Each structure stands twice: as C-alpha cells, then as structure tokens.
Amino acid sequence: MADDRPIGIFDSGFGGLTVARAVIDLLPDEDVVYFGDTGRYPYGPRPLEEVRAFAHEITRLLVEQHGVKMVVVACNTAAAAALPELEEVAGVPVVGVIEPGARSLVEVTESGRVGVIGTVGTIASGAYQASIAAMDGPGVELFCAACPGFVEFVERGVLEGDQITVLAERLLAPMVEAKVDSLLLGCTHYPYLARTISKVMGHGVVLVSSADETAFAVADALRALGAATTRRTPGTHRFLSSGDVAWFADLGRRLLGPELGSAESHVWISPR
Ligand code: DGL
C-alpha cells in the first residue's frame with residue numbers, strides 16, 4: 001500500500017521550518033505542503049481558544065484544499081491548544097511536537113533536572129507538565145519558563161545580537177538557577193536562537209529540539225499506516241504564508257535552505 005499525497009505541516013510562522021527541515025531530510029521522497037500563518041503570528045500571547053480556532057482552520061485548509069494525508073502541528077502553542085481533538089477535525093492522522101519533544105528530554109537527562117521553555121500559551125497550558133508527568137518514572141524534576149519576545153526576533157530575521165542576549169539572560173535565569181542538565185526548546189522558533197540560548201545556559205546543558213523527534217514520529221506513523229510514498233524521486237515542497245510572501249520566501253530560504261524556492265499567498269477571509 002502507498003499514499004503519494006503530501007504531508008501537511010503548519011506553524012504560526014517560520015518556527016515550523018525547523019520541523020519541515022527534519023521531515024524533508026528524513027523523508028526526501030515525500031511531498032510537503034507547509035503553511036506559515038505569518039499574517040496572524042504570534043500565537044503565544046493569544047488566548048488558547050483563539051489559537052485552537054486557527055489550528056482547526058489551517059488543518060481544514062491543508063486537508064480540503066491541499067489533500068494532505070497527515071497533518072504535522074509544528075507549533076507547540078497550537079498543539080497545546082488543539083491537539084486532542086484535531087484528528088477528528090482533520091479526518092487524517094495528526095502528529096504534534098509536544099510528546100516527541102518531552103520523550104526525548106526525559107531520555108537525555110542524567111541528573112533528572114530538566115527544563116522546558118516555550119511561549120506563554122504553551123507553558124500556561126500545562127501541556128508539557130502533563131506529558132512529562134505521564135511518561136516519567138520517578139526522579140524527573142521539571143522546571144518551566146515562558147520566553148515572550150524570542151519568537152518576534154526570529155520572525156524579524158534577527159537571530160543573534162546584544163538584545164537577544166540580554167533578553168535570554170533575563171528569561172533563562174530561573175533555568176540556570178535550577179541547574180537543569182537538559183533544556184527542551186518547547187517552541188519551534190527557538191532552535192534558531194540556539195547559539196545564544198546555549199551560551200547563556202552554559203555548554204554543559206544539552207539543548208533538545210523537538211524537530212528530529214517529530215520527524216521520526218511522522219516516519220513511524222506513515223510506516224505503521226502503510227501510508228509512505230513508494231516514489232523514489234525527490235518530493236516537491238510547497239510553502240504558503242498568510243503574511244508577506246516575499247519576506248516569507250527570503251527569510252524562509254535563509255532558515256530552511258534551497259527547497260524554499262518561493263512562497264504562495266493565502267489570504268484569510270476574516271483575518272484577526
Ligand atoms: N512556533 C510556535 C510554537 O512552537 C509559536 C510561535 C508564536 O508565538 O507564534 O509554539
């Protein structure tokens with residue numbers, strides 16, 4: 001059995017490109033449709049109800065207009081807000097970033113003191129706290145911190161500099177103090193700031209990104225469902241943005257690489 005339909009991936013903006021990169025690398029023959037909701041980012045400060053409605057809308061768009069065989073929620077905030085019911089909305093399998101990231105965090109820690117950083121929405125939702133509590137044996141102590149402002153730097157294409165360092169020193173201070181030995185980047189934008197985050201945390205702290213783990217989860221799910229493509233030619237990659245498409249193509253190419261040749265516009269009928 002084979003299914004040649006594309007994999008749909010979405011995020012509020014550029015962050016999910018970290019997941020798209022990992023999916024393209026692991027599954028080069030699969031077609032991918034990526035949706036960045038840059039016209040409505042950031043999701044982090046919005047009420048979870050609103051983010052849930054956005055997640056439903058994008059999922060329907062990917063399934064109904066782009067015929068995807070699977071939806072990858074490459075946004076922690078959207079996954080925290082909508083994941084349990086999204087599969088019903090989609091009518092196709094849905095993979096999120098929270099469970100794969102949490103699993104890999106629990107696997108890498110040696111001291112048992114672990115940290116998760118994310119948007120205000122993700123941290124306040126308690127999704128990571130619940131996910132780690134459900135999987136850990138005894139002995140994992142979890143510290144969480146929201147990092148408002150990080151996403152905005154990435155969306156502006158600013159990935160390093162004094163302003164980010166000063167903000168990171170302030171926001172990550174509780175993590176440094178807690179002496180975590182591993183830190184999960186619980187927002188898909190954060191891997192683009194990894195150099196600064198690592199400098200602030202100290203080189204002994206392992207940074208965990210959910211991108212690779214999520215790609216493995218996608219590959220496992222396709223295999224289990226018998227839904228992987230059997231084509232043995234490079235897949236096609238389409239990128240859609242609800243914001244400025246020229247900027248999406250420019251910055252997106254810098255972040256993801258040459259597969260992002262151009263971006264197509266999607267205009268929401270009633271943008272919020
Ligand atoms: N990249 C998204 C996440 O993983 C959120 C960014 C935003 O606040 O829009 O949570």
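Not measured: the values here are computed from a predicted model. In each ligand, atom 1 is the first atom listed, and ligand 1 is the first ligand listed. As a basis for the values below, the full set of heavy atoms in this structure was taken, side chains included, without hydrogen atoms, waters or symmetry mates.
For ligand 1, the atoms lying closer than 4.0 Å to a non-hydrogen atom of C75 are 2 (C), 3 (C), 4 (O), 5 (C), 10 (O). Of all atoms in ligand 1, numbered sequentially from 1 with element shown, those under 4.0 Å from a heavy atom of D11 are 1 (N), 2 (C).
From the protein, the heavy atom lying nearest to atom 6 (C) of ligand 1 is S12 OG, 3.3 Å. The protein heavy atom nearest to atom 10 (O) of ligand 1 is T77 OG1, 2.7 Å. Of all protein heavy atoms, the one closest to atom 8 (O) of ligand 1 is G44 N, 2.8 Å. Protein heavy atom in closest approach to atom 1 (N) of ligand 1: H189 ND1, 2.7 Å.
Heavy atoms of V151 found under 4.0 angstrom from ligand 1 belong exclusively to the side chain. When heavy-atom distances to ligand 1 are checked against a 4.0 Å cut-off, T119 comes that close only through its side chain, counted from C-beta outward. Counting heavy atoms under 4.0 Å from ligand 1, residue N76 touches it through both backbone and side chain.
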Determine, stepwise, if the pair I164 / V158 fulfils side chain to side chain contact (heavy atoms under 4.5 Å, CB included). CA-CA 8 Å; I164 299 177; V158 181; 4.0 Å; yes
task = Output, in order, the C-alpha distance, side-chain angles, deciding distance and verdict of side chain to side chain contact (heavy atoms under 4.5 Å, CB included) for V33 and L62.
result = CA-CA 8 Å; V33 178; L62 287 170; 3.9 Å; yes
Would L185 and I117 satisfy side chain to side chain contact (heavy atoms under 4.5 Å, CB included), going step by step from the backbone distance to the final call?
CA-CA 6 Å; L185 308 180; I117 52 173; 3.9 Å; yes
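For the pair D181 (side chain) and S111 (backbone), a donor-acceptor distance under 3.5 Å is present.
A side-chain donor from one of T38 and S241 sits under 3.5 Å from a side-chain acceptor of the other. Side chains of S12 and D37: a donor-acceptor N/O pair is absent below 3.5 angstrom, by distance only.
Enclosure of atom CZ in R195 is not indicated, since only 12 or fewer non-hydrogen atoms of other residues, nucleotides or ligands lie within 6.0 angstrom.
Heavy atoms of G118 come nearer than 4.0 angstrom to ligand 1 in no pair at all.
Of the polar atoms of Y41, none of the N or O atoms is found under 3.5 Å from an N or O of ligand 1, judged by distance alone.
The six-membered or imidazole ring of F54 lies near that of Y43, with a centre-to-centre distance under 6.0 Å.
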